[in-house]
Amino acid sequence: MPDNEHVETIDAQHAAIRREYRIQAEAWSRRPIDAHLAWVVEQAPWDPAWRVVDVAAGTALFARAIAARVGSIVAVDLTAEMLTRGRDLSRAQGLTNIRFEQAAVERLPFADASFDAVVTRYSVHHFREPAVALREMARVCRADGQLVLVDMVADHDPRVANRHNELERTADRTHTAMLSPQRLIAEVVDAGFALEKYVSREVDMVFDAWQPQLALESAERQVIRTALEEELAGRGESGMRPIVRDGVLVFRHTWGIVIARRRRRR
């Protein structure tokens with residue numbers, strides 16, 4: 001368990017996330033299960049008897065994407081508004097095997113080895129203490145159970161990674177840090193999982209449609225736009241690898257997908 005100082009830091013992060021994502025819940029509810037997430041689902045095996053927990057589920061995009069392939073899912077998130085949107089979307093889609101529960105990943109309200117699989121998407125870069133969160137995921141996963149973790153990953157060059165994380169924090173103050181692929185894998189293994197597969201996927205983002213909670217004329221968006229334009233002009237690296245396509249400013253995220261198995265407890 002985290003010590004008192006870490007608990008205070010984690011709790012402050014939780015409060016910030018709840019403030020931010022009650023605002024973003026409406027925009028997240030409009031995000032589809034797109035080709036990128038569908039591709040991720042195909043990278044791992046699933047079983048119709050499995051009990052699954054979707055950690056930091058938001059509007060349960062991942063849970064809804066795998067609902068037809070597993071037995072039952074508990075979608076867990078900090079923010080009530082995100083869960084409400086996810087519940088409404090699940091009902092509208094006729095999905096009856098997803099249950100929603102408000103809780104923090106660092107303190108999951110489940111017994112040890114409660115689930116056959118743990119999934120989480122776009123969460124690690126919001127964790128104040130990734131190791132604490134991942135150990136809790138390992139705790140609720142049965143021996144040999146599956147973890148599928150999807151998150152943005154940072155450049156191997158720490159200088160570029162630091163700049164990219166700085167710009168992401170400008171857009172969303174709850175962003176802590178994207179990890180490099182090597183660090184992400186190491187954290188998963190240290191938490192009690194054995195790596196089965198790591199794959200990555202490049203995902204293009206239209207700048208003006210990204211982070212819709214930021215007005216196009218907002219100071220934060222202008223700071224990031226300037227950084228991308230500077231990179232296009234050959235002055236510096238943002239880590240976001242911008243291009244202009246048909247007159248539209250586009251940048252790129254790299255998704256890291258970790259598929260692992262819970263090691264047997266000694």
Side-chain angles (χ1 to χ4, degrees), residues 31-48 50 52-70 73 75 105 115-127 130-131 133-138 140-158 160-161 164-165 168 175-206 210 237-243 250-263:
R31 296 193 181 195
I33 299 170
D34 62 15
H36 297 296
L37 181 52
W39 179 86
V40 169
V41 170
E42 295 298 331
Q43 302 310 302
W46 307 96
D47 189 294
W50 278 358
V52 180
V53 61
D54 182 0
V55 173
T59 59
L61 263 173
F62 207 151
R64 288 184 280 124
I66 62 172
R69 299 170 183 247
V70 301
I73 309 169
V105 61
F115 298 97
D116 301 294
V118 180
V119 302
T120 189
R121 175 187 178 275
Y122 261 46
S123 61
V124 176
H125 67 271
H126 291 293
F127 295 157
L134 288 163
R135 284 198 299 270
E136 186 69 348
M137 292 185 215
V140 301
C141 189
R142 66 163 170 81
D144 294 325
Q146 179 170 274
L147 170 72
V148 180
L149 182 157
V150 184
D151 201 37
M152 303 182 297
V153 291
D155 194 272
H156 299 283
D157 184 334
V160 177
H164 190 178
N165 276 308
E168 295 280 351
H175 180 102
T176 54
M178 296 174 294
L179 306 181
S180 69
Q182 295 93 332
R183 169 82 186 283
L184 182 61
I185 292 167
E187 292 281 5
V188 167
V189 171
D190 287 349
F193 293 96
L195 180 68
E196 288 207 326
K197 181 165 71 169
Y198 175 85
V199 291
S200 63
R201 186 169 177 89
E202 302 301 318
V203 180
D204 287 349
M205 313 291 291
V206 175
W210 173 68
E237 287 185 81
S238 67
M240 299 173 80
R241 296 168 291 162
I243 61 170
V250 175
F251 68 93
R252 177 164 287 180
H253 279 151
T254 300
W255 287 8
I257 298 95
V258 177
I259 300 170
R261 291 280 172 180
R262 178 67 169 99
R263 294 198 299 271

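Positions are given from 1, in the same order as the sequence printed here. Here the structure is a predicted model, which means the values were calculated and not measured.
By the ring-ring contact (aromatic ring centres under 6.0 Å, His included) test, Trp46 pairs with no residue at all, sequence neighbours left out. Ala161 is linked by a side chain to side chain contact (heavy atoms under 4.5 Å, CB included) to Ala154, counting only residues two or more places apart in sequence or in another chain. Residues that satisfy the salt bridge (charged side-chain N to carboxylate O under 4.0 Å, His left out) test with Arg64, not counting sequence neighbours, are absent from this structure.
In this model, no donor atom of one side chain and acceptor atom of the other lie less than 3.5 Å apart for Glu202 and His253. In this structure, a donor-acceptor pair under 3.5 Å is present between the side chains of His175 and Asn165.
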| request: Would you check, one step at a time, whether the test side-chain contact (heavy atoms from CB on, under 4.5 Å) holds for Met152 with His164? | output: CA-CA 11 Å; Met152 303 182 297; His164 190 178; 5.9 Å; no
| said: Using side-chain contact (heavy atoms from CB on, under 4.5 Å), reason through Val148 and Gln43 one step at a time and then give a plain yes or no. | reply: CA-CA 9 Å; Val148 180; Gln43 302 310 302; over 6 Å; no
| field | side-chain contact (heavy atoms from CB on, under 4.5 Å) evaluation trace for Val250 with Met205 | value | CA-CA 6 Å; Val250 175; Met205 313 291 291; 5.8 Å; no
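Checked for salt-bridge contact, Arg69 and Glu42 meet the test: a charged N lies under 4.0 Å from a carboxylate O. A salt bridge links Arg252 and Asp204; the closest N-O separation between the charged side-chain nitrogens and carboxylate oxygens is under 4.0 Å.
The backbone N or O of Trp255 lies less than 3.5 Å from no partner atom in the side chain of Ser200, so there is not a single donor-acceptor pair. Using a distance-only test at 3.5 Å, with no hydrogens or angles considered, no donor-acceptor pair links the side chain of Asp155 to the main chain of Gly239. Remark: side-chain polar atoms of Arg121 are not paired, donor with acceptor, to backbone N or O of Phe62 under 3.5 angstrom. A donor-acceptor pair is defined here as one N or O able to donate and one able to accept, closer than 3.5 Å; such a pair exists between the side chain of Ser180 and the backbone of Arg183. Using modelled atom types, no side-chain atom of Arg142 and backbone atom of Arg262 make a donor-acceptor pair closer than 3.5 Å. Side chain of Asp151 to main chain of His125: a donor-acceptor pair is present (N/O by atom type, distance under 3.5 Å, no hydrogens or angles).
Of the residues listed (Ile185, Val118, Val124, Ile257), the one engaging Leu149 in a side chain to side chain contact (heavy atoms under 4.5 Å, CB included) is Val124, and it is the only one. Between Phe193 and the options Ile259, Val188, Val258, a side chain to side chain contact (heavy atoms under 4.5 Å, CB included) holds for only Val188.
Residue Leu37 comes nearest to Ala65 through the heavy atom pair CD2-CB, 4.0 Å, listed as atom of the first residue, atom of the second, then distance. The minimum heavy-atom distance between Pro45 and Trp50, with the atom names listed, is O-CZ3, 3.4 Å. A pairwise comparison of heavy atoms in Phe251 and Met240 identifies CB-O, 3.1 Å as the closest pair. The minimum heavy-atom distance between Leu61 and Pro32, with the atom names listed, is CD2-O, 3.6 Å. Listed here is the closest heavy atom pair of Thr120 and Ala56: OG1-CB, 4.3 Å. Here the closest heavy-atom approach between residue Ala191 and residue Arg135 is recorded as CB-N, 3.8 Å.
Proximity of Val119 to Val55: side-chain heavy atoms (C-beta onward) are nowhere separated by under 4.5 Å. Between Thr254 and Arg201 there is no side-chain heavy-atom pair separated by less than 4.5 Å. Two residues are said to be in side-chain contact when any heavy atoms from C-beta on lie closer than 4.5 Å; Leu179 and Val153 fail this criterion. Side-chain contact between Ile73 and Phe115 is absent, with no heavy-atom pair separated by less than 4.5 Å. Within the 4.5 Å cutoff, the side chain of Val52 has no heavy atoms near those of the Asp116 side chain.
To the nearest 0.5 angstrom, Gln182 atom CD is 5.0 Å from His156 atom NE2. Between the CG atom in Leu134 and the SG atom in Cys141 there is a gap of 12.0 Å [rounded to 0.5 Å].
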